[in-house]
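This report refers to the structure that appears directly beneath it.
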Protein chains: 2
Amino acid sequence: MNQEKSSKKTTIYDLAELAGTSASAVSAVLNGTWKKRRISAKLAERITTLADEQGYAVNMQASLLRREKSKIIGMIVPKYDNRYFGSIVETFETMARERGLFPIITCTRRDPELEVEAARTMLSYQVEWLVSTGATDPDRISDLCAAANVGSLNLDLPGTKAPSIISDNFTGARELTRRIMLNSRVKFGQAQPLLFIGGRASDHNTSERIRGFRAAHADIDVPVDESHILASGYAPEKAEASLASLARTEGSLPSGMFVNSTISLEGVMRWIKRSGHYGEHSPVIGCFDWDPFAALLGDDVEMVRQDVPSMLDAVFAIIESGAADSTRIEIPPIFSENF
Amino acid sequence: MNQEKSSKKTTIYDLAELAGTSASAVSAVLNGTWKKRRISAKLAERITTLADEQGYAVNMQASLLRREKSKIIGMIVPKYDNRYFGSIVETFETMARERGLFPIITCTRRDPELEVEAARTMLSYQVEWLVSTGATDPDRISDLCAAANVGSLNLDLPGTKAPSIISDNFTGARELTRRIMLNSRVKFGQAQPLLFIGGRASDHNTSERIRGFRAAHADIDVPVDESHILASGYAPEKAEASLASLARTEGSLPSGMFVNSTISLEGVMRWIKRSGHYGEHSPVIGCFDWDPFAALLGDDVEMVRQDVPSMLDAVFAIIESGAADSTRIEIPPIFSENF
DNA sequence: CAAACATGCTCCATCGATTGAGCAAGAGTG
DNA sequence: CACTCTTGCTCAATCGATGGAGCATGTTTG
C-alpha cells in the first residue's frame, strides 16, 4: 500500500517498469481484457499483485478519453431537504451502480441559471444521459443535451423535448381530495370545499393536481372556492404567510386542506400550531408527498407517496432501450394503506 | 445550437477548422488564457461565437488529463433520508462550487464495502480531496487516499488518520439531557433517570453522547439505569423493537428519553403512537438532531441541531490550508431557541 | 538602417489508458 | 524439413486539451 515516489500517482508505465513488461500488458491485465489479449496467467498474477502493492488506481480521465463510452450518468435535483427527492437520489444511485454506471448528482436549488450551468458541466464530464429532476426549464436542458448528442430525461416535472416520467398527479390528487373530504365529513359532519395550498400554478404538477382537486369536488357536487386555491410557492414561509393572510381577511379557515408538498406542509403545520388552530378543531389535511414524521402528526393528516422505485424503473428502462421520443409516462402514486 | 455531424461531439479541432485557425488558439480562447497567449480580440470573438453556435463543451476528461489539478472534490455520505445529511450535502455542494471545485457525492448506505469501493472510484476520478461523512471505517479510506496522494477528511464521525470535524457530542448531549430532565420535572414532578436510545455503542458519537448523558445525570445526582441505555442501531425498526421489548419486560417506560438521531426518533414516535403512550403521559423526549416535522410533534420534544454550516466552514478551511495532520475539531451544536 | 522588441499566431510533445497490428518463439502438421 | 498455428507478448497511434517554444510579420529605438 506504499509507494516510493510519494509526489505522483502510480501509472501503468510505472507498473510496467516494475514488472519488467509493457504498459499495454499492464493495461490489459488491469481492465480484464488480458485473456482476450493472450497475456499469461502468470504475468497477470504478477501485475495484479504489484498494482495492489502500489495502491494503483486507474486514471479515469485517461481511460475515458480513450474509450467511446463514459458510463457516467448525471442527475440534476432541486433540493435534498425532503424525503421525496432524498429517495429519488438514493434509488437513482443504487440503480445506476447496479447497471455499471457512475452516477453524478447535483443539486440546483430550484435556480434556473444553476440548472443550466450544472447541465453544461455534466456534459463536459461526458455524461451519457442526463436526468433533470423537477427542473424549472427542462426543455432548455434537453436542447443542450441534444446539441451534445447526449440523451436526456425528465423526472418529476415533464418537458416536451425528452421522455418524461412523472406521477399521475391528476388521479392522485383526485383520490387524495376525495379522502380529505371523507375525513372532513367524519370530523365535521359535512363535506365542504377544501383549501389548496402550495406549489406554483405555472408548473405542470401543480396544475394537474388542481385539476384533480376540482374533479373531486365536482364528483360530489361541491363547488370549488376559487379564492381558496393558493399556489403560492414551495417554501414553507410562503404557505405560512398565505394562511396567515387568509385567516386575517376571512376570520376563519376551511376545515380541510390539500397541501401540495411536504415542504409546504411544514409551513402549514407551523401556522396551525402557532395560531392555536391545533387540536379538536384543527383542519383535516391531505398532503401530496410523504414524510415519516408528518405522518405521525395526527390522524387528521392523510399522505400520498409518490412511487419512486417505479419511476426510476421507468427511467432506466428508457435508458436501456435508448428511446428518445418525448413520451410521457405517468406513475400512479401510493396511498397510505399500501405504504 | 445545431451541428452538422450529429454523431460525434464538437472538439477544438472541429472549431479550429471552421474558424480557419489552430486548435491551440481555440483552446486558449475557450479557457480564457488567450490574452496571455496574445490571441487577437477579433479571433477570440470569432471563435467564441462559433463555439456557441456549435454547442461546444470542453471534454473535461481530456482537459483534466493534461492539467495537474482536477478541482474535483468527493464526499461519501451514508444516507439521504434525514435533514442532517441532506443539509450537509447541500451545503457541501454550494461551498465547493463557490470555491471553483466540482463536487462528487456518493451515498454508501452505511455499507463498509460500498464505502471502500466508492472511495476507490472517486480516486480513479482524480478527486483532490475526499470527505468521508459518517463512515464506518474512515481510517481505511484515509489509507487509500494516502496511497494515492489525495487529502482526506472525516466529517461527523472521527478517524485517526485524517483531520476530523465533528459535533461536540459530549457537551451537546449533556445539555440536551439536562433539558430533557427539566422538562420531565415540569411534566411529571420529579427528575428521574432517562432512557437512552439509538445509535451504535461502538461509534464515537454515540459513546460521547452516552458520556454526556451520564454526566448530566451525575450533575444532579441521579443514577443512570444501565439497562436503559439502548444503543441498538440507527434504523427506526431497531428503536421501535427495543422499546417494545423493554415495555414487555418492565411493564412501564421511563418518563424521559434521549433519542440519538431523527432516524431513531422515527421508530420511537411510531412505537409511542402505536402503543397508545401518546398524550398526557407520553414521555418527554430529546433528540440529538433536528427535523422540522419532529419539532412540531409537541412541546414534549426537544431537539439539538448540529451546526452544519460551521462544520463545513471548518472542512473547507482545512482544505484551503492543505493541512493533513489528524486534528479533531468539535463544533458545538445549536439548541432550539437559537435555530 | 540595423538591432531589438512586440504582436499574433502555429507546432508539437504531453497527460495515461486503450487497442489494432504485428513480431518472435515454440508447437503441430504433412 | 518446411509450413502453418498458437501463444505471449510489444509497438505505436489515438482520444482532446494544454502550453512551452518558436516563427513570421510589423513597429520602435538608438
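Proteins come first, then strands; the chains are lettered A, B, ... in the order of their sequence lines, and each starts at number 1. On a predicted model such as this, the values are computed, not experimentally measured, just so you know.
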Just how far, in rounded Å, is [atom2] of [N] from [atom1] of [X]?
{"X": "L15(B)", "N": "dT10(C)", "atom1": "CG", "atom2": "P", "answer": "14 Å"}
{"X": "K9(A)", "N": "dG16(C)", "atom1": "NZ", "atom2": "P", "answer": "10 Å"}
{"X": "W34(A)", "N": "dT19(C)", "atom1": "CH2", "atom2": "P", "answer": "17 Å"}
{"X": "K69(B)", "N": "dC15(C)", "atom1": "NZ", "atom2": "C1'", "answer": "17 Å"}
{"X": "I12(B)", "N": "dC12(C)", "atom1": "CD1", "atom2": "C1'", "answer": "13 Å"}
{"X": "Q61(B)", "N": "dA17(D)", "atom1": "CD", "atom2": "P", "answer": "11 Å"}
{"X": "L65(B)", "N": "dA17(C)", "atom1": "CG", "atom2": "C1'", "answer": "9 Å"}
{"X": "D14(B)", "N": "dG16(D)", "atom1": "CG", "atom2": "P", "answer": "8 Å"}

Discussion item. Within the 4.0 Å heavy-atom criterion, would you say S27(A) contacts the bases, only the backbone, or no part of the nucleic acid?
Written reply: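 Counting heavy atoms under 4.0 Å across all strands, the contact made by S27(A) includes a base.
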Discussion item. Please classify the nucleic acid contact of T11(A) as base, sugar-phosphate, or nothing, using heavy-atom distances under 4.0 Å.
Written reply: sugar-phosphate
Worksheet item: Would you say R37(B) and V29(B) make side-chain contact, with heavy atoms under 4.5 Å?
Response: no
Response to the item:
Once base and sugar-phosphate atoms are separated, protein heavy atoms under 4.0 Å mark nucleotides 9-14 of chain D, 5' to 3', with B, S and - as BBB-BB
Worksheet item: Between D325(B) (side chain) and T327(B) (backbone), is there a donor-acceptor pair under 3.5 Å?
Response: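 Checked: no pair found.
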Practice prompt. Would you check if the side chain of S167(B) reaches a backbone N or O of Q306(B) as a donor-acceptor pair within less than 3.5 Å?
Written response: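 Here the side-chain-to-backbone pair does not exist.
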Discussion item. Between R97(B) and E117(A) (salt bridge meaning N to carboxylate O under 4.0 Å), is one present in this structure?
Written reply: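 Salt bridge between R97(B) and E117(A), a charged N being under 4.0 Å from a carboxylate O: no.
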Fill in: F85(A) and Y80(A) aromatic centres sub-6.0 Å
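Not close enough - the centres of the two rings lie 6.0 Å or further apart.
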Practice prompt. Indicate whether the side chain of S142(A) and that of S152(A) have a donor and an acceptor atom separated by less than 3.5 Å.
Written response: yes
Fill in: N59(B) side-chain proximity, nearest of dA17(D), dG16(C), dG19(D)
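Of the candidates, dA17(D) comes closest.
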Item to complete: Write out all pairs satisfying salt bridge (Lys or Arg N to Asp or Glu O under 4.0 Å) with one or both partners inside residues 123-141 of chain A, taking only residues at least two apart or from two chains.
Response: K69(A)-E128(A)
Worksheet item: At under 4.0 Å, does any side-chain N or O of Y56(A) touch on OP1 or OP2 of dG16(C)?
Response: no
